[in-house]
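Side chains included, hydrogens not; waters and symmetry mates left out as well; all remaining heavy atoms used. Each chain gets a letter, A, B and so on, in the order the sequences are listed, and its residues count up from 1.
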Protein chains: 4
Amino acid sequence: MSGKKINVAIVGSSGYTGAELMRILLNHPQVTVTAITSEKSAGKPISSIFPHLAGLTSLVCEHLDPDTISMKSDLVFLALPHVTAQEAAFRFNKLGKKVVDLSADYRLSDPSVYAMWYEHTHQYPELLKEAVYGLPELHGSRIKKASLIANPGCYPTSAILGLAPLMQKGRVDLGSIIIDSTSGVSGAGRSTSLTHHFPEVNEGFMAYKVGTHRHTPEIEQELSALAGKQITLSFTPHLAPMNRGILTTLYARQLTAFDTASLHALYQDYYKKAPFVRMLPLGQFPNVRNVRGSNFCDIGVYADQRTGRVVVVTAIDNLVKGASGQAIQNMNLMMGFDEEEGLRFAGVFP
Amino acid sequence: MSGKKINVAIVGSSGYTGAELMRILLNHPQVTVTAITSEKSAGKPISSIFPHLAGLTSLVCEHLDPDTISMKSDLVFLALPHVTAQEAAFRFNKLGKKVVDLSADYRLSDPSVYAMWYEHTHQYPELLKEAVYGLPELHGSRIKKASLIANPGCYPTSAILGLAPLMQKGRVDLGSIIIDSTSGVSGAGRSTSLTHHFPEVNEGFMAYKVGTHRHTPEIEQELSALAGKQITLSFTPHLAPMNRGILTTLYARQLTAFDTASLHALYQDYYKKAPFVRMLPLGQFPNVRNVRGSNFCDIGVYADQRTGRVVVVTAIDNLVKGASGQAIQNMNLMMGFDEEEGLRFAGVFP
Amino acid sequence: MSGKKINVAIVGSSGYTGAELMRILLNHPQVTVTAITSEKSAGKPISSIFPHLAGLTSLVCEHLDPDTISMKSDLVFLALPHVTAQEAAFRFNKLGKKVVDLSADYRLSDPSVYAMWYEHTHQYPELLKEAVYGLPELHGSRIKKASLIANPGCYPTSAILGLAPLMQKGRVDLGSIIIDSTSGVSGAGRSTSLTHHFPEVNEGFMAYKVGTHRHTPEIEQELSALAGKQITLSFTPHLAPMNRGILTTLYARQLTAFDTASLHALYQDYYKKAPFVRMLPLGQFPNVRNVRGSNFCDIGVYADQRTGRVVVVTAIDNLVKGASGQAIQNMNLMMGFDEEEGLRFAGVFP
Amino acid sequence: MSGKKINVAIVGSSGYTGAELMRILLNHPQVTVTAITSEKSAGKPISSIFPHLAGLTSLVCEHLDPDTISMKSDLVFLALPHVTAQEAAFRFNKLGKKVVDLSADYRLSDPSVYAMWYEHTHQYPELLKEAVYGLPELHGSRIKKASLIANPGCYPTSAILGLAPLMQKGRVDLGSIIIDSTSGVSGAGRSTSLTHHFPEVNEGFMAYKVGTHRHTPEIEQELSALAGKQITLSFTPHLAPMNRGILTTLYARQLTAFDTASLHALYQDYYKKAPFVRMLPLGQFPNVRNVRGSNFCDIGVYADQRTGRVVVVTAIDNLVKGASGQAIQNMNLMMGFDEEEGLRFAGVFP
């Protein structure tokens, strides 16, 4: 580790992913956060919006002016809503800045798929071609050379990491994949709505956007690429009364007959160089509580002889490995830092 | 409604299902609870074990003596652990009492299946033949004539009600069924364990007993009977940080091509005489918060044209429709009362 | 109980207290709900706003037109925001209807106190004089004859019931009273705000409106009346991550030296005819979980010899004894029904 | 910061405070954890007991043998139950090791007070005299020279920090102090009990040990020392349905007439050199969510002109500033490190 630090900006710092970037970057030994933006909170110290950051930073939100921000930063994190991020990414890139975009805008490589699921025409199809899908466990070498990272969605991170080792030909029936996920409420952001009003969520549990969630094509794109074949799958998100965490339970029909031990060995081998994937001991399954606040993805596997299916369960913190932590992991790779730099910490349990 | 009331006993009253029987029966216009038993709390008023019942009953727990209890009651609810309930059901039945057994002991009609999943030989195989699986929506007419009801498990209630309308030949691929369920913690009972210690559960979410949960054969038995064909399916239970509720998300591959409207119509027709099944309006999906404390099962359906699957979501309160409420619904049918008697109340929201 | 039922209307039915009135009244043997109003949901069935009521009522929200509503009802519950309720109460009263107003508008008998704390001039000071503060444990006989009930606030109910037995001269130092309360989030209503957004509340706990909460003068008014002397006290509300419940811990300096047993006896005697006050056994303290969904107020007391203080702890469900249940208790008294009619049910635990 | 690291041992590593010591120390730049002990988990890797630590440490629990442990460590943290810790502290001290004892055993300087509240005779009264009460904001200079630190209790930390600035003569009536605290469940440890079983806690809230909690004499001892006069006060702990956090609301009668601004200035001045005390801006009050996982104590103050009282609200994380974080802060002082070393991180919000 060299003494040289880079300067980074966080664009859109008043949401939960912006705050989580701050929390982690404030302790990153090779980074100085030099600028943060928020249209609605411009002029306010970030500690007035997020009092948990008080005493640790005196940064004040400013308006998003790409030229000004660019002068202060080597790399820019975009924590903006989708559609809005399109142009911001374009402008910062043109100004020669590396960009990690936490929105969905550059994740879907086919603009027509983007148009269908997000109901907007992509304005920067040329830049879209250059963007790299920032899942380091799959695309580490491309990420290192990228200037624009499309940071993966939270559900896709949990689903793709759980299924990737099975995508090699002949392992599972690619038409049989079912993804059943449950998320904490912070995944829905900090904007209020009746759906996320405390008494409506607490002691409640529901499925939502059944068959229609926008993360579906993102998962299909990445798994199809791995499998070398177009995959269509079922994905159902659920909302649980907790702040953080995504647990994803994955089902696929075995083509090869696995026992659980060999399935486990396959995963262990696949992820042997991935510092943030923790394969649980044989017979154990993950719990989101063990990754809360950390960048880990915990995985447990089961080969069900009775039904001929593979069942895989993954757990991440939606705001860390599912968003801001992964964005920093991508930054580390882009800047040539150690992949784990600033992210080698345990979650907060209990 | 006649003025004549029946006397009932609750055997095993110190657990959550026992308390829930008390809560509901205290307001049942045709029932007097005349005896409650608890080995570990014999001699104690039930209100000292469950202070929410204070001021509403002065019943005191006694030891389980079938002869004494029988003299005081016309019908007996067994809220005992499995294995223990076997003999109690036998003895009360022999004493001429109707029995609703909330344990798993008389649910699996094949004693060898019971032996395999519960690791005990069934001691009363003859009585097992007479027991009726107490899911009123499927077996109403048999329940009316039964003297021993095997009250269904909580997960099976949510899964079977969600899948029953699809079991007719040609609707879905019977080999493709996946059941993904999430339960609140009260389903695990009142005995303490590290797994259910507050700080371990809160802000946590996990899958457990993946591929091995004992409710699996119960679901398979009932669906196989409906389909007229042996079904093997995948069932994964999850634990959510909430007290009550089971949400079950069900997947099956369509054989007939449904659209959501026709799927919805099929369910609406199937349950048109079932007072406790509420089909949600087209396009809506259930939330356990809306059934909390009530005997309803809410159902939402989706025919996914993209994947060729049916997705059904059901919600129940595990302690009511998943246990004590359903037991009382069974009692109503056995005693010739209105099926809804004492159960026509809304849940507690928020 | 006579076969004759009364007709009631709920004005402002789209909030939590409106829904709770519905839940309880649907099972009240002497009441038919004939009209419900909601400006923003007029034309919608209440079951679309509160799906937990589906299958139990087909009532549809209408606009508030006092003439129309009056024709359909004998008594009107007002579940409107304060200020708005002033005129509605006036108009229904003028139309000869009994009114139970759940807002704060008629609670403070001195209009200047109302003006100071609510920052509005009271428009109906004459009617204010006729309103009765609807705490049945204190004002039962006046409530029976009242045509307008000011239903108490949730915090005041918990505080006044806990302190009333001490207000007789010479028991405690009236200048030493401290009221420390904690409420669940439903007390803040169904309108969304960042403060009540799930991830902001869950795993959080805070004091709010320290020294300035509007329930303060209401508590002081009632205790002063009991004591025959103006009382000024400290009241601090807190917000806990739960849906329902208020726990209030009360402190006062003893003038008379009590031991806990005699303090307990004092309370037991004071509330011997109050069906919804449950004095806990000596040495026990209440928990809001035991009153959840019920109309009970649980009380525990402690005479601290070490400090010379009395410590009293009370628990209610803020939406039931703290609002809608108490409103129905008031209605029972006003209509000459049994005080407990429709309210004799246990809470939902766990 | 020198490159030289010290070696530390954690004795009693299978509880929540042990785990929290591990979490923080693993990222402390001047510490290596060289030994951890647990009688019941000896031989097991700590990551099997606390899976959130997996991938970050390969430490294995061993039996507590002071000689062995001493050879591996320069300083020992004792995270043992009270009474048990007495001897361990004695033995490690005798072996020349610095000790930070997280139990209550060395907190009460008067052995007769210890005997009365803990119902055990203190076996090491001589060592007790040497122990320093480890609240760095009060006793920083003594801590630096201490060889045995009695790490404060969680409630006392929140109460003493909130009251210390008022203890100077003439500010408040020392006989009027009331301390009303609410804790998350992790404060009760990892041992299971019905009281802390998830469904009993969730949606519940209670006061407990009213007038009798063992942290009372600890608070009185420290405040009395500051005031130079024996103080007797009321302390009521409450349990809230959350994992972490203590919010304490403090009341005292003003002798000097304060306005809120001057009260705020007094606190700001008192804590101007305390890096972990964050005075909130005037008019704001703390929320435990903002200190979750961090070593901060947030404080808000209010001078109530109406009642003549001071109301102070403090928030800490009971496992960090209330236990393990403070223990590490003490270690930093004892070892001559920067007081903030390894503790300069934000909490995890949401």
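- Taking CD1 from I46(B) and CG from L53(B), the interatomic distance works out to 6.5 Å, rounded to the nearest 0.5 Å.
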Report the C-alpha separation of I246(D) and V288(D) in whole Å, then their side-chain angles, then the decisive distance to 0.1 Å, and conclude whether the side chain to side chain contact (heavy atoms under 4.5 Å, CB included) test is met. CA-CA 6 Å; I246(D) 287 181; V288(D) 295; 5.6 Å; no
Present all donor-acceptor pairs from chain D to chain B with distances below 3.5 Å, rounded to 0.1 Å.
unit_1	atom_1	unit_2	atom_2	d
Y16(D)	OH	E200(B)	OE2	2.5
G189(D)	O	H197(B)	NE2	2.9
R190(D)	NE	E200(B)	OE2	2.8
R190(D)	NH2	E200(B)	OE1	3.0
R190(D)	NH2	E200(B)	OE2	3.3
H196(D)	O	F198(B)	N	2.9
H197(D)	NE2	G189(B)	O	2.9
F198(D)	N	H196(B)	O	2.9
E200(D)	OE1	R190(B)	NH2	3.0
E200(D)	OE2	Y16(B)	OH	2.5
E200(D)	OE2	R190(B)	NE	2.8
E200(D)	OE2	R190(B)	NH2	3.4
N202(D)	O	N243(B)	ND2	3.3
N202(D)	ND2	N243(B)	OD1	3.3
N243(D)	OD1	N202(B)	ND2	3.2
N243(D)	ND2	N202(B)	O	3.3

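- Side-chain contact between V291(B) and P286(B) is absent, with no heavy atoms from C-beta onward closer than 4.5 Å.
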Step-by-step side chain to side chain contact (heavy atoms under 4.5 Å, CB included) determination, V320(D) to F296(D): CA-CA 8 Å; V320(D) 189; F296(D) 291 108; over 6 Å; no
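- A distance of 6.0 Å separates CG in L26(D) from CG in L56(D), rounded to the nearest 0.5 Å.
- Taken from CG in L102(B) to CD1 in I149(B), the straight-line distance is 11.0 Å, to the nearest 0.5 Å.
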